[in-house]
Amino acid sequence: MGRHSLPDRYGAGTADPRPRARRRNLAIATALVLTVAGGTAVAVQSGLLSFGSSCQDDAVRLTLAASPDVAPALEAAAGRARKQNLTSDGNCVAVTVSAQDSAEVTDILSAGRKPDAQVWVPDSDVWVQRVTADGTATQVTPEGSVAATPVGVAMLPAAAKSLGWPKKTYTWPELAGAALSDDSLGLGAADPARSATGLLALTRLSAAADKAKGGATQAAAMMKALSRRVSATDGQVLGTLPHDSSGTERGNPRRNQALILSEQAAFTHNSKAGGGTDLDFFYPTDGSPTLDHPYTLVDEPELTTDESRAAIRFMTYLREPAQHRLLEKYGFRTDDDSVSASVVAAAGGRSPQPYAEPSPEPASDTALQEALGTWTITVQSARITTVVDASASMSEPVADTGRSRMDVTRASLLQALATFTPEDEIGLWEFATRLDGDKDYRVLVPTERLGDRKGSGTQRDRLSAAFRGLEPVPGGATGLYDTTLAAYRAATSSYVKGKFNALVVLTDGVNQDPGSISRAGLVSELQGLSDPERPVPLIVIAVGPEASGKEAQEIARATGGSGHEVSDPAQIHSVILQAIVAAGARNASG
């Protein structure tokens, strides 16, 4: 770990008795001094005495920005460290803990700025992944986890009893389905776009649903129902419980009887609740994802050596048995192999709920992005026109698949289509060169609501058929620029307020129409058409070795959109969802 390697001598500060006998006639006095000094050293080591005033004057001072759930425990640990004169390289370590929402710190770091902290402990590695994936964000360096807590579903006792708690167990889809199908229960959650608890649960729900027939549709329906009871933050979701045990409160349709929570949040609520309002806790049988609270250095290259080493010293201090016991007192888990029965019981867990089962493997970044993308387009209906390259080069084979670029693109587009709801509006264009007279493009399916029926089928049926029917045009070149401009004009002129409007262009090459508008001209026209009050981000996906990711970014950014480069068309589905999430976040912040 380079300069982070621990120095040989770390630990609580101790007195160093220095009186030495210099004359035989002072032997008795010397013995007395040594006795007192030795006793003082023992007292300091045991924490009975402290020389903190002088030590703390020259301390290495650190600010630690922590997720609100773990901040009280870390603040208590920091207080202990000060009392014990925790040292790093002979200097005291003075840590100040500041409770800061993980999503808000992520926004600061992603903007290339720094929070007023040298160390960051968000509630989940989800946020660290989001920051590190952004090449323009402030650098963060995770050094390990300091505490953990699984995510499950907490319910008021009457609601839990109606579902057979604690003996009856459920998977995520079964549990969410049972709660959402009963209007008298209501299932609340924090917004997955701003809460790791909500996002991890949503990802588990999506992963489990994907394994079932019609699972994507089922997951979208659950998300839609869940979105009606979503709260902005983890703290606010607890406020949606009935305020008291009166029939009026419990019968209030705006109140939730069930919540997606972490075990630690349920522990804290139950510890404070009293009066018979404790929550019972369900642990889904298909795995409770974990909030892992990564200990993360902020902008490490800019930290001084003293700051960096002191930060690592405090992390190792948090891993000592005494601090593990402290974290457990606040409802956290500190050992994967030994689950505290008292923590589980206080959180509302009980056998045979599978509270001691190992946590599932952390969700991949792709799985998280896909779940969040599906959530985004489910909660806010989308209006998206998809423009697909049908030039002859789309017949080129994709390595190690036995399929062409168009084959894989069709499959990926059909996969993406399954994540949209009947309220979403989706359309399809194709382009090559001179497909319709002098035009390089052709409208295959106008952009309309997926649930609308015409004749014997729906818009979704028509799109599915059109996706399956996409074929490369023999001899067709890539008429990218004129097509992009025409499609963007159509998308902006048909803007629908209240929906997420976007244009998605897929191309496997650069513009090959010599008579078309120039790239500079296209960028200028797009900038003129773009309107922040009516945002239509352009999402350009460059597929394969002949396409230019740099060009895709330049064109897309003219509209506030994004360009992406993928080597495999199978990645199109996840890239579209990832781009939708990013564009939606930019529009929301704007």
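We're numbering straight along the sequence, starting at 1. Note that the structure is predicted; figures quoted are calculated from it, not measured.
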Practice item. Start with the C-alpha gap between H269 and S271, add the side-chain angles, then the distance that decides, and say whether side chain to side chain donor-acceptor pair (under 3.5 Å) holds. Key: CA-CA 5 Å; H269 172 84; S271 299; over 6 Å; no
Practice item. Using side-chain contact (heavy atoms from CB on, under 4.5 Å) as the criterion, list what pairs up with D336, not counting sequence neighbours. Key: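 With sequence neighbours excluded, D336 shows a side-chain contact (heavy atoms from CB on, under 4.5 Å) to no residue whatsoever.
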How about [X] and [Y]: do any of their side-chain heavy atoms sit closer than 4.5 Å?
X: V128; Y: V126; result: no
X: E302; Y: Q139; result: no
X: V504; Y: V540; result: no

Exercise for review: Check D101, D107, T233 against R194 for a side chain to side chain donor-acceptor pair (under 3.5 Å) and give me the one that passes.
Suggested key: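 The option that passes is D107.
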Point to revise | Pairs meeting criterion salt bridge (charged side-chain N to carboxylate O under 4.0 Å, His left out) with involvement of residues 281-295, two or more places apart | key: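 Checked against salt bridge (charged side-chain N to carboxylate O under 4.0 Å, His left out) - neighbours excluded - no pair reaches residues 281-295.
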Review point. Is the number of heavy atoms from other residues, nucleotides or ligands within 6.0 Å of NZ (K499) greater than 12?
Key: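 Atom NZ in K499 is crowded, with more than 12 foreign heavy atoms closer than 6.0 Å.
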Practice item. Quick one: pull up OG1 in T296 and CH2 in W120 and give me the separation to the nearest 0.5 Å. Key: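 Separation between the atoms: 6.5 Å.
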Exercise for review: Rounded to the nearest 0.5 Å, what's the gap from OG1 on T149 to CG on D69? Could you check?
Suggested key: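 So the gap between those two atoms works out to 8.0 Å.
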Practice item. Walk me through it: do E328 and T334 pass the test side chain to side chain donor-acceptor pair (under 3.5 Å)? Key: CA-CA 7 Å; E328 287 180 2; T334 57; 3.3 Å; yes
Review point. Any luck finding a side-chain donor-acceptor pair between S342 and S340 under 3.5 Å?
Key: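 A pair is found: one side chain offers a donor N or O, the other an acceptor, under 3.5 Å apart.
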Do the side chains of [X] and [Y] get close enough for a salt bridge, i.e. N-O under 4.0 angstrom?
X: D424; Y: R383; answer: no
X: E307; Y: R313; answer: no
X: D125; Y: R130; answer: no

**Study point:** By salt bridge (Lys or Arg N to Asp or Glu O under 4.0 Å) - contacts of R204 (at least two apart)
**Key:**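 Expected list: none.
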Point to revise | Smallest separation among heavy atoms of W127 and A103, with atom names | key: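 Looks like CH2-CB, 3.7 Å.
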Exercise for review: Please step through salt bridge (Lys or Arg N to Asp or Glu O under 4.0 Å) for the pair R333 and E263, ending with a clear verdict.
Suggested key: CA-CA 9 Å; R333 298 186 181 190; E263 180 184 74; 2.8 Å; yes
Review point. Per the side chain to side chain contact (heavy atoms under 4.5 Å, CB included) rule, which among V60, V298, T63, D299 passes with Q118?
Key: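 Per the side chain to side chain contact (heavy atoms under 4.5 Å, CB included) rule, the option paired with Q118 is T63, out of V60, V298, T63, D299.
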